Every structure is written in C-alpha cells, then in structure tokens.
Undergrad: 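Sharing a structure, written as structure tokens. Questions coming.
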There are 2 protein chains.
Amino acid sequence: MPRDGTHTRNRILDSALLLALEKGLAAASLDQVIEGAEITKGAFFYHFKSKDELALALVRHVAELDRQNHAKIVQRVEELSRDPLQQVLLACSLTADLVAPSEPNPGCLFASYCYQGDLWSEAARKICESNFHEQAAWIEGKLKQAAKLAGRKGKSALAVSPAQLAMMFHSVFEGAFVLARTYNDASLFRKQVLAYRDMLEAVFKP
Amino acid sequence: MPRDGTHTRNRILDSALLLALEKGLAAASLDQVIEGAEITKGAFFYHFKSKDELALALVRHVAELDRQNHAKIVQRVEELSRDPLQQVLLACSLTADLVAPSEPNPGCLFASYCYQGDLWSEAARKICESNFHEQAAWIEGKLKQAAKLAGRKGKSALAVSPAQLAMMFHSVFEGAFVLARTYNDASLFRKQVLAYRDMLEAVFKP
DNA sequence: TAATCTATACCGACTAGTTGGTACAGTATG
DNA sequence: CATACTGTACCAACTAGTCGGTATAGATTA
C-alpha cells in the first residue's frame with residue numbers, strides 16, 4: 001500500500017509517544033523513534049521536517065485524543081445522572097479507570113513536555129492550557145450548579161471555590177502520575193483520583 | 001581559596017539545578033553546566049566522574065534541602081499549635097509560601113527526573129520516595145490523631161482515609177507545579193496548595 | 001494498450017556539528 | 001608536597017538533518 005502515508009505517520013507518532021513517556025522526547029533520539037516505528041530516516045523526514053515539528057504534532061495528536069476522551073466521559077455522565085455534582089463525581093470515577101494498573105509508564109505527555117524546556121514552546125503550552133481549561137471549565141460549571149442547588153436547601157458557602165476545586169482536578173491528575181512513578185506503583189493514580197472524588201463529595205455533602 | 005573544594009562543588013550543583021528546572025538535566029549539556037558554574041571542564045571532572053554521578057549527587061543534594069525544610073516547618077508548626085489538624089493546616093500554609101510567585105521556573109527536581117527515564121535510576125527513585133514517604137507519614141500521623149480527637153467529640157468516619165489524604169499533599173504539590181507551568185502563572189502553585197488545605201479542613205470540620 | 005509522465009511514499013548512505021568523557025601539563029595555595 | 005584547580009587539546013560515539021535515488025500507483029497521451 002504505497003499510496004497511503006497516514007499509516008506510517010501514525011506509526012511514527014505512536015513510537016514517539018511511547019518513548020516520550022518512557023524517557024522524555026528530548027532524551028529520545030530520532031534514530032530511536034525511527035527504530036520503534038520500524039521505518040527509515042527517509043520516511044521520517046518525508047512526514048516531518050524536524051524533530052520540533054514532530055514534537056508539536058505529537059502534542060496536537062495527544063490533545064485531540066484527550067479532547068475526544070473528555071467528550072465521551074461528559075456524554076456518558078450526562079446519561080447516567082441529572083445531578084451536576086453526581087456527574088462530576090462519576091466523571092472522576094471514569095477518569096480513575098483511564099490508566100490500567102499494569103501500565104509500564106503511566107504518565108501525561110503534557111507534564112513530560114513542561115519539564116523539558118526545549119519542547120515547551122509557547123505553541124505546545126497553549127495546546128495543553130486549552131485542553132486543561134476546557135475540562136476545568138466543565139467541572140467548574142457543574143460545581144457552580146451544584147452549589148446553587150445546595151444553597152436552595154439552606155447550605156452555607158463552600159470551603160473552597162468551584163474554580164479552585166476544578167483546577168485541583170488537574171493538580172491531582174498530574175500529581176498522581178508523579179506519585180505513581182515515585183512510589184513505583186501505578187495503582188496510586190487510581191487511588192488518588194478517587195480520593196479527590198471523595199474529598200469533593202465531602203466538601204459538598206455536609 | 002584553593003584548599004576548599006566545596007565552594008566549586010556547590011557552584012556546579014547550583015548551575016545544574018537551575019538548568020534542570022529550566023530544561024531538564026538530560027537536555028542540558030555538561031558544557032552548559034560548566035559555563036553556568038563558571039568553571040572549566042577539568043574542574044567538573046575533578047569533582048564528578050560522570051554526568052550520571054552529578055545527576056545522583058543533585059537529587060541527594062535537593063533531597064537533603066527538602067528534608068531540612070520539612071524539619072523546619074514541622075518545628076515551627078509544633079510551636080504554633082498543639083492541635084494536630086491545625087498543625088497540618090499550618091504546614092500547608094507555610095508550604096504554599098515556599099514558591100515565590102515571581103520565580104521563573106517553579107518546579108520540582110523529582111518530577112523533572114521522573115519524566116526523564118535516563119536520570120530516573122532506581123537509586124534516584126528511592127531517594128525521592130524516601131522524602132515523599134517521610135513527609136506523608138508525618139501528615140498521616142497528625143491526621144490520625146485529629147480523627148481520633150474528632151471521634152471523641154462524636155464524629156462519624158472520615159470521607160477519605162488519612163493515608164490517601166496525606167499522599168494527596170504530594171499529588172497537589174507536584175500537580176500544582178505542572179499547572180503553574182501550563183497556565184504560565186506561578187501564583188497557581190500557592191492557590192492550589194491553599195485550596196488543598198481548605199479542603200482538608202472541610203473534610204474534618206463538619 | 002503500450003509508453004510516458006507525475007506525484008507520493010520511502011530508502012539509506014552521508015555530513016557537519018555536538019556530546020560526554022579523557023589526558024595531561026601547568027599553577028596557585030596552604 | 002598534596003590539594004584544588006585552570007587550560008587546552010583531543011576522541012569516539014552520537015546527533016539532527018540532507019540528499020540522490022527508487023518503487024509504485026494512477027493519469028495522460030500516442
């Protein structure tokens with residue numbers, strides 16, 4: 001099938017993502033990316049004109065997958081419940097299941113990039129920020145609705161603002177990966193995301 | 001002052017730390033470390049026999065600073081309050097002040113290492129794990145005391161276990177750095193750590 | 001329908017520069 | 001005289017990136 005290059009392109013992206021999560025894309029040489037994709041140097045430079053371009057294409061690729069995943073979770077959660085707080089709690093549970101405990105290098109490409117100055121271009125940063133913001137805005141909106149509902153039932157102000165709670169989702173999400181790697185225990189990711197969910201519930205429930 | 005080599009050694013460590021937080025130590029060349037330390041190649045290899053050895057010495061160095069800092073916070077906090085929950089909350093506040101909002105590259109060396117496979121040796125991992133564990137164990141102990149105290153006053157079980165709450169400190173701590181870098185806003189670190197504190201309080205208070 | 005042309009997809013040898021690391025002769029200090 | 005360097009020259013291995021060439025599929029032409 002010499003006509004369709006998307007197959008090769010995707011192989012390159014897959015290989016690069018694997019290496020990026022294992023050792024960081026900056027530390028991975030093009031030769032390693034090429035070897036992983038089982039192609040040749042010529043093929044690589046046919047699809048990407050530089051390593052920087054690959055790096056940017058990779059964040060774009062991952063950001064798109066992340067966006068789709070979030071959309072799927074939102075859709076699923078809207079089907080499962082009408083209560084905004086329950087929707088957020090369910091979304092946390094679904095996110096916790098995202099990472100299989102057997103995964104060898106659980107991690108987030110965004111975090112990997114942001115600790116590697118060379119790849120952390122303004123363009124890459126904006127892509128990550130945009131993804132974070134979109135998801136945080138969804139959570140924040142739901143939590144504001146939940147706060148309003150709780151208010152009608154005669155509740156006092158929240159201990160933490162919906163905006164900070166929403167952002168904390170990503171703090172815990174990203175931090176949980178660091179924890180999992182540091183303690184060498186992939187199951188910690190799941191546990192921490194679920195702990196965040198329980199904490200969220202506690203802030204609203206009482 | 002040719003008798004004391006610790007000065008030069010510290011200059012190398014400082015230069016390496018700066019570069020590690022800016023672009024990752026793997027991406028930083030020895031020539032850059034040497035230039036930053038304002039020494040020569042000869043001097044570098046007099047003190048460290050390889051880049052790997054520098055990397056390990058650097059985690060050790062940072063881990064020691066971190067340990068000292070934690071000890072200082074614990075001491076300060078024990079002076080300020082006798083209540084275990086208040087002690088933890090105060091410790092969070094002091095930690096939030098750790099990072100100046102003007103800092104150019106706020107971040108954690110441990111997180112930087114753990115996303116750069118080459119540096120993430122088992123030795124380095126254990127050093128990070130040990131630091132994390134020591135601090136989490138302190139928080140967990142305090143929270144268990146706090147839970148017991150609250151129990152005497154007729155409280156029900158906690159929404160989240162002290163162990164998970166204690167680990168979440170590092171999740172939020174590490175995640176907050178990623179957030180600060182992604183949103184390009186160093187003040188987010190402080191806000192997230194304080195939000196964690198408020199959430200902790202909410203879990204215990206009601 | 002065979003010959004020619006064109007674009008896409010890919011190969012792999014090659015190069016110029018950088019990397020971590022070595023070697024070693026010299027110097028200043030306590 | 002040992003310690004703590006400076007300075008420079010050097011090396012093999014690796015790096016990103018280049019370049020001329022090839023194979024194939026499909027459209028155009030004779």
Side-chain angles (χ1 to χ4, degrees), chain A residues 1-20 22-59 61 112-113 115-121 123-124, chain B residues 1-20 22-61 112-113 116-121 123-124:
Chain A
M1 68 197 80
R3 217 68 222 292
D4 188 12
T6 54
H7 174 73
T8 303
R9 204 187 131 96
N10 284 335
R11 285 190 67 82
I12 296 171
L13 252 15
D14 288 347
S15 168
L17 179 57
L18 210 73
L19 283 161
E22 186 199 322
K23 50 159 63 182
L25 194 56
S29 71
L30 284 185
D31 285 345
Q32 289 173 301
V33 174
I34 286 158
E35 197 190 325
E38 289 175 292
I39 51 151
T40 60
K41 211 143 215 195
F44 176 86
F45 280 98
Y46 175 77
H47 287 283
F48 303 96
K49 65 170 168 242
S50 70
K51 195 184 180 183
D52 282 352
E53 201 185 278
L54 165 68
L56 201 60
L58 187 58
V59 241
H61 178 67
S112 164
Y113 271 44
Y115 271 109
Q116 296 182 38
D118 292 337
L119 305 171
W120 197 235
S121 59
Chain B
M1 66 206 77
R3 213 74 220 288
D4 187 12
T6 54
H7 174 74
T8 303
R9 204 186 130 95
N10 284 334
R11 285 191 67 81
I12 296 171
L13 253 15
D14 288 348
S15 168
L17 180 57
L18 209 73
L19 283 161
E22 186 199 321
K23 50 158 63 179
L25 193 57
S29 71
L30 284 186
D31 285 344
Q32 289 173 301
V33 174
I34 286 159
E35 197 191 326
E38 289 176 291
I39 50 152
T40 61
K41 212 154 203 189
F44 176 86
F45 281 99
Y46 177 80
H47 287 282
F48 303 96
K49 64 168 170 246
S50 69
K51 194 184 181 181
D52 281 354
E53 202 185 278
L54 166 67
L56 201 59
L58 186 59
V59 240
R60 265 196 255 274
H61 179 66
S112 163
Y113 270 45
Q116 296 184 39
D118 292 337
L119 306 170
W120 197 233
S121 60

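Source: prediction; values computed, not measured.
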Undergrad: Using Watson-Crick or G-U wobble pairs with both distances under 3.5 Å, give me DNA chain D in dot-bracket, 5' to 3', with [ ] for crossers and | for pairs to another strand.
TA: ||||||||||||||||||||||||||||||
Undergrad: For Asp14(A), check side-chain hydrogen bond (donor to acceptor under 3.5 Å, both in side chains) against everything at least two apart and list the hits.
TA: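 In terms of side-chain hydrogen bond (donor to acceptor under 3.5 Å, both in side chains), with neighbours along the sequence ignored, Asp14(A) is linked to no residue.
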Undergrad: Mind checking what makes side chain to side chain contact (heavy atoms under 4.5 Å, CB included) contact with Thr40(B), not counting sequence neighbours?
TA: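 Thr40(B) satisfies side chain to side chain contact (heavy atoms under 4.5 Å, CB included) with Ala43(B) only.
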Undergrad: For nucleotides 19-22 of chain D, give me every protein contact, N/O to N/O, under 3.5 Å, one pair per line with atom names.
TA:
none

Undergrad: Can you list the residues that meet the salt bridge (Lys or Arg N to Asp or Glu O under 4.0 Å) rule with Glu38(B), with sequence neighbours excluded?
TA: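 Expected list: Arg11(B).
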Undergrad: Would you call Ser50(A) and Leu54(A) a side-chain contact if the rule is heavy atoms closer than 4.5 Å?
TA: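 Answer no - side chains too far apart.
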Undergrad: Considering residues at least two apart in sequence or located in another chain, which fulfil the side-chain hydrogen bond (donor to acceptor under 3.5 Å, both in side chains) criterion with Lys41(A)?
TA: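 Applying side-chain hydrogen bond (donor to acceptor under 3.5 Å, both in side chains) to Lys41(A) gives Asp31(A).
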Undergrad: Can you name the residues that form a side chain to side chain contact (heavy atoms under 4.5 Å, CB included) with Ala124(A), not counting sequence neighbours?
TA: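 Counting only residues at least two positions away or on another chain, Ala124(A) forms a side chain to side chain contact (heavy atoms under 4.5 Å, CB included) with Leu56(A), Val59(A), Tyr113(A), Ser121(A).
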Undergrad: Kindly state which residues belonging to residues 27-38 of chain A come within less than 4.0 angstrom of DNA chain C, counting heavy atoms of the residue only, listed by number.
TA: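 Nucleic-acid contacts, sorted: none.
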Undergrad: Who passes side chain to side chain contact (heavy atoms under 4.5 Å, CB included) against Lys51(A), sequence neighbours left out?
TA: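 Checked Lys51(A) against side chain to side chain contact (heavy atoms under 4.5 Å, CB included); matches are Leu30(A).
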Undergrad: Can you name the residues that form a side chain to side chain contact (heavy atoms under 4.5 Å, CB included) with Leu18(B), not counting sequence neighbours?
TA: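 With sequence neighbours excluded, Leu18(B) shows a side chain to side chain contact (heavy atoms under 4.5 Å, CB included) to no residue whatsoever.
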Undergrad: Please identify each residue that fulfils ring-ring contact (aromatic ring centres under 6.0 Å, His included) with Phe48(A), with sequence neighbours left out.
TA: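 Counting only residues at least two positions away or on another chain, Phe48(A) forms a ring-ring contact (aromatic ring centres under 6.0 Å, His included) with Phe44(A).
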Undergrad: Only counting residues at least two apart or in another chain, list the ones meeting side-chain hydrogen bond (donor to acceptor under 3.5 Å, both in side chains) with Glu53(A).
TA: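 Checked Glu53(A) against side-chain hydrogen bond (donor to acceptor under 3.5 Å, both in side chains); zero matches.
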